[in-house]
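Some notes on the structure that comes next.
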Amino acid sequence: MGMLITRTEDLYHILPELEKMDLVAVDTETTGLDPHLNQVILFQIGTPTKQFLVDTRRASLEPLRPFLEGPKPKVLHNAKFDYKMIRGTFGIKMENLIDTMILEQVLTSGAQERGFGLKDLAAQYLNIEMDKSERSSFMAHTGDFTEAQLDYAVRDIIHTYQILLKQVPKIVQQGLEHTAKLECLVIPAFGDMEFDGFFLDTEKWNQLIKISEIERDKAKAELDRIFKATRKSDNLFGWVDINYDSDEQLKKALADLGIHVEDTSRETLMGIKHEVKDWLLIYREHQKVLSTYGESFLKHIHPKTGRIHCDFKQLGAESGRVSCTNPNLQNIKAESEFRSAFVAPPGRKIITCDYSGCELRIIAELSEDPVFLKTFHEGGDLHAIVASTMFNKPVSKTENPELRKQAKFINFGLAYGMGAQGLATLVGCSEKEAEKLLNQYFKTYPKIKKFLDTAAKKALKEGYSETIGGRKRYYDISQIHSNPRERAAIERKAKNAPIQGTNADMTKLALVYIREEFKKRNLDALLVNTVHDEIVVESAEEIAEEVGKLVHDCMVKAGKYYLTKVPVEVEYEVAEFWKK
DNA sequence: ATCTGTGGCGCG
DNA sequence: AAAGCGCGCCACAGAT
C-alpha cells in the first residue's frame, strides 16, 4: 500500500527517496479527459516496492517540478495523456518519459491491431486480470479517497513498471532500441502540440463555407434541371427528389439518361460524355468540402482556448507514420484557401517547413542509384533526367514534356510498388505499353529495381520490413504460399515501408530537436502541426525568421542523421497563415 | 436509436 | 476483379 500525501511540504521529504530510484512509474487520476477543463486529483509515483500517492486537490506538485522535468526516467502507460493533464493542472512539462503503450506498438507494429490498454498488457505480460472499474470513480469524486481507489491507483503504477521490465529485453532482442527511444523522446512534442492547439480564423472559414454552399447549390440546380426531363410523372409538382449523395440513387438516375456506370467514383464520372458530368463533379467537390470541412469542423474549436486541439496517434500507421483525429489536421484542403484559414493570432506568425522531395531522396539513399544521387547532389530536374536517360532523348518541362510526365509517374509510383496496370491507368496507355515503360525504367535504373526486389524478398523471408532507423513493420507471412494476392500485397507494402517509415523517423526526430531548442532558448514558439514531411510552428512575430531558420536546421540535422549519401533539403516559409 | 461496413475523397 | 502505399471523415444503407 502506498503512502498518501496531502500536504505540499511533505513532497520535499520524499524527493531524496525518489532520487534514489533508477526508474519511477507515474500515473494520474483526473476529473476528466480534457487538460484544459479537467484536473489531476491524484498523482501516483514510485516503484513496485514503494509508492507515493499525492492528493493533488490539497497538495501542489510544485516541489516535484525539477524531478519531473529532470533526467530521471519515468514510465507511464499512455504518457501523452498524463503529460497533458500535468501540464494543464500544474504547468509542469515532464521530460524523459517511457511509455509502455508506445513500446508495445513499436514491438508489434503491423502484427497487432489493438489491445494496447494497460489491462491488455497486464494480462499478456504479467498474467494479471486488472479490474479497471474503479477508474471512473475518480471523475466526480469528492472527499477522502476510498481504500479501493488508492489500491487501484497503486496497482496501476506497479503494473506499468513491471510491464516495462518485460518489454525491455524484447526491444533489445528485436533490435528496436533506436525506434523505442525515438518514439519515447517525441511524446512531449505531441503532448505540446495537442495542448497548445492551432488557431483557426472562424470568419475566414465561414466565408469559404458560404462560397462552397453557393457553388454546390448552383450545381444541384443544374442537376435537377437535367434529371427533371427524365422523370415527368415523378410527383405532383415536378420536383426532382434524387439524393445525389446516394450512389444507388445516382446510378439509377444516370441510367435514365442512358448512362450506365459500375460505380460513381470521380474517375468513372469523368469518362461520361454528357453535361451532367461537369455538374456532378462540381457538386461532389463542394459537397465534400461542406461535409468534411464545413460547420461541423468548427465544433472542434475549444470553448476555453479558442483553438483546435486535435489528437495525434503517434503510431497511427503501420509504417510508423503519425495519424491525426478529432479533427484530422493532416488532410486539410491544400488548395482553395482552407489551409490559410489556420492563422497566427495577432502579433504572431506561422512558419511552414517541409522536407523537399523526401521520399525520392530516401529511394536514392536506399538504392544508391548513381543518377539519383548525382542529381540530388548537383541539383537538376530528376523526372526530366530519368526520362531522358530512359528514352535517350532530350527532356525538360518544355521539351518532350509527356516523357517527363511518364517518368514522374513511375518515380512516385515506385514508392507504392506500382505495377504495369496501375501505371497504364495513370499514363493513359495500354498495359502492354506500361509494361514496356517499366522494363525500360528498370533497365536504366537497375539499382532501384534491386532495392525494391530486395525489400520485397526480405519481407517474405523474414516477416518484416525495416527503415533506416531500424523501425520494423511486421507481416503475417503464413498465407503467402497459398495466397498469391496476399503475397503480392505484402510485396507492395514492403517496397513502400522503408520509404514511408524512414520519412516518419526523420520527421519525429526533427520534432524532438525542435522542442529541445525551443526549450533551451526559451523561445516564444509553439509546435502546432505535423503532416508526414512537414512541421508547422507558431511564434512571436519578432523572432519568426529566427525560429524559421532554427526549425530548418533541426529538420536538416534530423534528416542527415538517417540520410548520409544524399543531401537533405528543407524549405520554410514565414507567413500570417499556414502555407502550401 | 445506435452500430458497422462501404464507397468516395481529403491529405502526404 | 479486393487493391499502387499510408491514413480519417462523411453520408448512406443495412442491421441490431
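Heavy atoms only: backbone and side chains are in, while hydrogens, waters and symmetry mates are out. Below, read A as the first sequence line, B as the second, and so on, with proteins coming before strands; counting in each chain starts at 1. Owing to the predicted nature of the structure, the values given are computational and were not obtained by experimental measurement.
- Bracketed by its first and final contacts, the part of DNA chain B lying under 4.0 Å from non-hydrogen atoms of chain A reaches from dG7(B) to dG12(B) in 5' to 3' order.
- The phosphate of dG8(C) (OP1 or OP2) has no side-chain N or O of T292(A) nearer than 4.0 angstrom.
- In secondary-structure terms, DNA chain C builds stems of at least 3 consecutive Watson-Crick or G-U pairs, each pair having both distances under 3.5 Å, at B:1-12 with C:5-16.
- When only modelled atom types and interatomic distance are considered, D245(A) and Y283(A) share a side-chain donor-acceptor pair under 3.5 Å.
- Going from atom CD1 of I499(A) over to atom P of dC5(C) covers 13 Å, rounded to whole Å.
- Contacts between residues 188-214 of chain A and DNA chain B, defined by a heavy-atom separation below 4.0 Å, involve no residue at all.
- Dashed line: the shortest gap from a side-chain N or O of K313(A) to OP1 or OP2 of dG8(C) is under 4.0 Å.
- Under a 4.0 Å N-O distance rule, the pair E534(A)/K580(A) qualifies as a salt bridge.
- Within a heavy-atom distance below 4.0 Å of DNA chain B, no residue of residues 437-460 of chain A is found.
- Residue R492(A) has a polar side-chain atom (N or O) positioned under 4.0 Å from OP1 or OP2 of dC5(C).
- Using a 4.0 Å heavy-atom cutoff across all strands shown, N503(A) reaches no nucleic acid atom at all.
- Remark: aromatic rings of Y355(A) and H532(A) are distant, center separation not under 6.0 Å.
- The shortest distance between the side-chain N/O atoms of R321(A) and the OP1/OP2 oxygens of dC5(C) is not below 4.0 Å.
- In this structure, E295(A) places its CD atom 15 Å from C1' of dC10(C), rounding to the nearest Å.
- E318(A) comes within contact range of the sugar-phosphate backbone alone, with a heavy-atom separation under 4.0 Å but no base atom that close.
- Within residues 246-282 of chain A, the residues that have a heavy atom under 4.0 Å from DNA chain B are, in order of number, D247(A), D263(A), T264(A), S265(A), R266(A).
- The pair R515(A)-D192(A) counts as a salt bridge, with a side-chain nitrogen and a carboxylate oxygen less than 4.0 angstrom apart.
- A side-chain donor from one of E433(A) and S430(A) sits under 3.5 Å from a side-chain acceptor of the other.
- Taking the ring pair (Phe, Tyr, Trp, His ring centres under 6.0 Å) definition, one finds that F451(A) meets it with nothing, sequence neighbours left out.
- Residues E213(A) and K210(A) are not paired through a salt bridge, judged by the lack of any N-O separation under 4.0 Å between the basic side chain and the carboxylate.
- The line from OG1 of T179(A) to CD of Q105(A) is 13.0 Å long, rounded to the nearest 0.5 Å.
- A salt bridge links D224(A) to K220(A): one of the charged nitrogens lies within less than 4.0 Å of a carboxylate oxygen.
- The existence of a salt bridge linking E538(A) and K349(A) is excluded, since no basic side-chain nitrogen approaches an acidic carboxylate oxygen closer than 4.0 Å.
- Salt-bridge annotation for E318(A) and K493(A): absent, with no side-chain N of the basic residue lying under 4.0 Å from a carboxylate O of the acidic one.
- Y561(A) and D505(A) are not linked by any side-chain donor-acceptor pair at a separation below 3.5 angstrom, with hydrogens and angles left out of the test.
- The CG-C1' distance, from N496(A) to dA3(C), rounds to 14 Å in whole Å.
- In this entry the distance linking CZ of F297(A) with P of dG8(C) reads 15 Å, nearest Å.
- Checked against the 6.0 Å centroid criterion, the rings of F195(A) and H36(A) qualify as a close aromatic pair.
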